[in-house]
Every structure is written in structure tokens, then in C-alpha cells.
**Q** 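Starting off with a structure, shown below.
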Amino acid sequence: MSRFFSNKRLILLMLGVILLVALISYSLRDRDNVSFPEQLIKDTVGAGQSLFSGPAHFVTGIFDNVDSLLNTYKENQHLKGRLEEFAAVQAEVTDLRSENGQLKEIVGKEADLRDYNPIQATVIARNPDQWEEKVILNKGESDGVKPDMAVMTARGLIGKVTLVTATTSTVELVSTQNPNYRVSSMVIGGEEGVFGLIEGYDAERRELLLKRIDAQIELEVGQQVVSSGLGGIFPKGIIIGEITEITIDEFGLTQLAYVKPAADFTLLNHVMIADREMPDEDDFEAATEEEGS
Amino acid sequence: MIRYILPLIALVLFFLEPVFGLFSPLQFDGDYYYIVPRFLLMFLIFVSVYYDAKHAMFYGLFFGLLYDVFFIDIIGLYSFLYPMMCLIAGYIVKSVHRNLFVATLLTLVLTALFEFVLYLFFSFISLVSMPVDIFLTSRLLPTMVANSLFLVMLGWAFRSVIMARLIEKDNSKV
């Protein structure tokens, strides 16, 4: 033991600890961009990782296929039941869409918070230690990905982009415990304009918390929650989940709802990054001028 | 060729970890179980037991840095803990008999210690709020079960590869 703590080693150990604390506190800051060496490492490791995740997705794909083959009969029954309903809904949607388009033409409104360009991406890695809910995608800045963009699967929102390098991007899932993680959202299926913030995640119930809803508004269990598009970069109307319980928040002033996420956060494979078609500033100015004159 | 076999295995294990991480958490009876693959750490501890703690610490520093930058964006966490675990393994193995069973046991104990230190760290920076008992049942236990399965299956392979490298090194000296 005395050899272990000889002077030279002790000093080295102390220096190591100091360096460690400095590095950790440097990297714990809220950083919007990554430094150049980090970008280099991320891109290189990302390229190597893609080589390994390709075959892995292939294997899980086979298992998925076998699984869905086994469930075919049950699913077929279920889907037949839904098919008639679907035809009616489809007709209604087409009708409403064309009507919406005509109305927009009449008002001269072109930009919409709903419009976005999907960027298809594949998950190449999930943080193996799973303390932070992060996944890494194979698309980066060169494909037009920017920080804070919404990421979703076919079933709903899963997270947003936090860090971008040239060819990879890091996504923080909505199931994170990070207190600074908010998604402005709204409840549909009831009164118009019920807005709230998705803020926090209940790890035991595995449900999201929808906070800051006006206490006067009556919500119902089963209503759908979608993104409102008012937060800036998220497009409007991405499905987040379904309300399962409504309570009053800790201060008793606003309501809090538990939202069961629509998307499944396990076994993520193909995802979509939503690049919102933001109204250009020129258009915006032109529109305001028109109104003014 | 065999000269580069140890870093090569470490690299492959480094890339395999997140692939297995994609399968976790496992849902079973409504409860979720997190399995964290620690292949690289276990391999590094084997290297420091059978080969040389210094080499193991060097690999640990390198791969720890990659891990920090690529996955968790907190630089200095894994790049400190990996060499630390190798250092401890190197010290312990000097005073015990070196066989496969002891090496496996030591590796598993250190892996559990590693998990626990990480848990303490992430609770400390308040990234997670998880009571100790839930940590033990839903994370540590399944992780250790899965990792010991891996080690029991591949521990002897690790040892024979490292031994082969050791023999090669001795031969080249002569």
C-alpha cells in the first residue's frame, strides 16, 4: 500500500483528478456546438458504427418478420374490421384537405406550421449505458440536419436533435430526465386551443408529463396530444401520445396530464427528422406590409 | 498479425456494445430490465490480469475517450474509469492466484463496482433520480447476469488469445 501512494504517484493521481473535474465540468455545460476534435471523433466512430449496426438491424428485421408472420391471422381480423371505417375516414380527409387548400388560397396563406421535409435516417447506435436517453443517427449537417429538429417514427414523436456533426446527429429522446427538455404541445379532440408543455418523464409509469394546462379547461382521458409548432422548430401536428390521467400540478394552479407516448422507444431503427419549412423572413415582412397598407 | 490482435478485439467489442444496447430495455411482465453490455471493460480487465496492466490502461484511456465523446458527451468519465478499473485489477491480481475462475470473478466484481460508480456519478449530477433498490433490481442484476453469461462463454477465448500474444511477445524477445 505504501508503494501505491508514493509521492510521484500521488501527485499524478491528484493531477488526474483535477483534470477530470475540469473536463467534466467543461462538457456538462449546455453546449450548442461541438468542438472540432469531437466532431472528428464522432464522425469517425459513427462511420465504423454504421458497419456494425447494418447487420444488426438485418437480424432484428428477420426476427420482426417472423414475429409478424405469426401474428398475421389475428392482425388480419383486426384490420378487416378497421377497413370499412378507414374508407369513410379517407374520403372525409380528402374532402377536408381540398377544402383546406381552397380556403388557404382564398386567404393567401402559403406557409404552414405543419409543412416539413422529412429526412430519413437510421439509428446507428444507442448509448449503451442507457443512463441518458440518447440515440445516434447516420445523418448530419451535410444532409441538412440542424439542432433542435424534431425526430419521429411512423407512430409518433421520439425526441429532438441535440448535437450535429457533419455525418452524425445525436438525438435526445423525450423519455429523458433532463429538466430543460420541453416540447410545446396541444391537446386535440376537445375544445380548440388547449396548449401545454411536455415537461419531464415519469420513469415508473413510463409516461410523459404535460404541464401548464389552464385549470378551467376540462380534459378527458384518451384525448390525443400533438406538437403545437409554437415552440419554433418543431412542425405542428406530430403525434406525441394519449392522455391517461389528469391531475392538478404541485402548486394547484394548473393542470397536469400524464401522456402515454405513441411511439415505442425500444428497438428504434428507421426514424424521420422533420426539417420544418419555416416561413422565410422576406415572406413574413411582405405579409405584414400588405396588412399595413 | 497477432501483434495487433488485442486492440482489434477491443475495437470490435467497442462497436458491438451499442448494437446489443439496441435491444435493451427488455420488457418482462410489465417491468423493464436494463441490460448494459460491458464487453470492452471485461476484456480490458482480462488483459490487465493476464497480460499487462499498463497496456490495459492505455487501451482503456483510448476507448474511454471515444466512448465519452461519441455517446455521453461528458468527457473524462469513462476515460478515467476504464484505466482506474484496470489499475485496480492489476494490483489485486498480484496478490492472488491467477486462474480463469479468479479472473472471471474479479472481472464481474469490478464490473459491478463500475456500474455502481456510474450510478453514483449520474445521481450526483442529478441526471437520474432512481432509488438504490430499483437500481439494484432493474439495472445491476440483469446487467450482471447478462455480462456473466457473456464472460462464461468467451472468457476462455479471451484468455487463450491473450496467452498467444504473450507467447509471441516472449518469442520475439529471444
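Lettering of chains follows the sequences in order, A, B, ..., and the numbering in each one begins at 1.
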**Q** So which part of B:Ile35 gets closer than 4.5 Å to some heavy atom of chain A, the side chain, the backbone, both or neither?
**A** backbone
**Q** Can you tell which of B:Ile134, B:Leu77, B:Ile72, B:Asp68 has the highest number of heavy-atom pairs within less than 4.5 Å of chain A?
**A** B:Ile72
**Q** Given that the side chain runs from C-beta out, which part of A:Val123 has a heavy atom under 4.5 Å from chain B: side chain, backbone, both or neither?
**A** side chain
**Q** Measuring only between side-chain heavy atoms, which start at C-beta, is B:Phe15 closer than 4.5 Å to A:Val45?
**A** yes
**Q** Given that the side chain runs from C-beta out, which part of A:Glu172 has a heavy atom under 4.5 Å from chain B: side chain, backbone, both or neither?
**A** neither
**Q** Under a 4.5 Å cut-off applied to non-hydrogen side-chain atoms, are A:Pro128 and B:Phe20 in contact?
**A** no
**Q** If every non-hydrogen atom of A:Ile136 is compared with every non-hydrogen atom of B:Phe70, which pair is closest and at what distance?
**A** CD1-O, 3.3 Å
**Q** Looking at A:Ser53, A:Gly48, A:Ala22, which has the largest count of heavy-atom pairs under 4.5 Å with chain B?
**A** A:Gly48
**Q** Taking atom OH as the centre, does B:Tyr51 end up with more than 12 heavy-atom neighbours from other residues, nucleotides or ligands that are less than 6.0 angstrom away?
**A** yes
**Q** To the nearest 0.5 angstrom, please state how far the CD1 atom of B:Ile75 sits from the OG atom of A:Ser25.
**A** 10.5 Å
**Q** Rounded to the nearest 0.5 Å, what separates atom OH in A:Tyr26 from atom CD1 in B:Ile74?
**A** 13.5 Å
**Q** Is any side-chain heavy atom of B:Val12 less than 4.5 Å from a side-chain heavy atom of A:Phe52?
**A** yes
**Q** Looking at every heavy atom in both B:Asp73 and A:Lys134, which two are closest together, and how far apart are they?
**A** OD2-NZ, 3.1 Å
**Q** Side chain, backbone, both or neither: which part of A:Leu19 has a heavy atom under 4.5 Å from chain B?
**A** neither
**Q** Show the numbers, then the answer: is there a side chain to side chain contact (heavy atoms under 4.5 Å, CB included) between B:Phe80 and A:Ile24?
**A** CA-CA 11 Å; B:Phe80 175 77; A:Ile24 288 178; over 6 Å; no
**Q** Determine whether more than 12 heavy atoms belonging to other residues, nucleotides or ligands lie under 6.0 Å from atom CZ of B:Phe150.
**A** yes
**Q** Quick check for you: to the nearest 0.5 Å, what is the distance between A:Arg126 atom CZ and B:Glu17 atom CD?
**A** 15.0 Å
**Q** Under 4.5 Å, counting heavy-atom pairs only, tell me which of A:Leu23, A:Asn269, A:Leu20, A:Val17 racks up the most with chain B.
**A** A:Leu20
**Q** Considering only heavy atoms, which portion of B:Phe39 lies under 4.5 Å from any heavy atom of chain A: side chain, backbone, both, or neither?
**A** neither
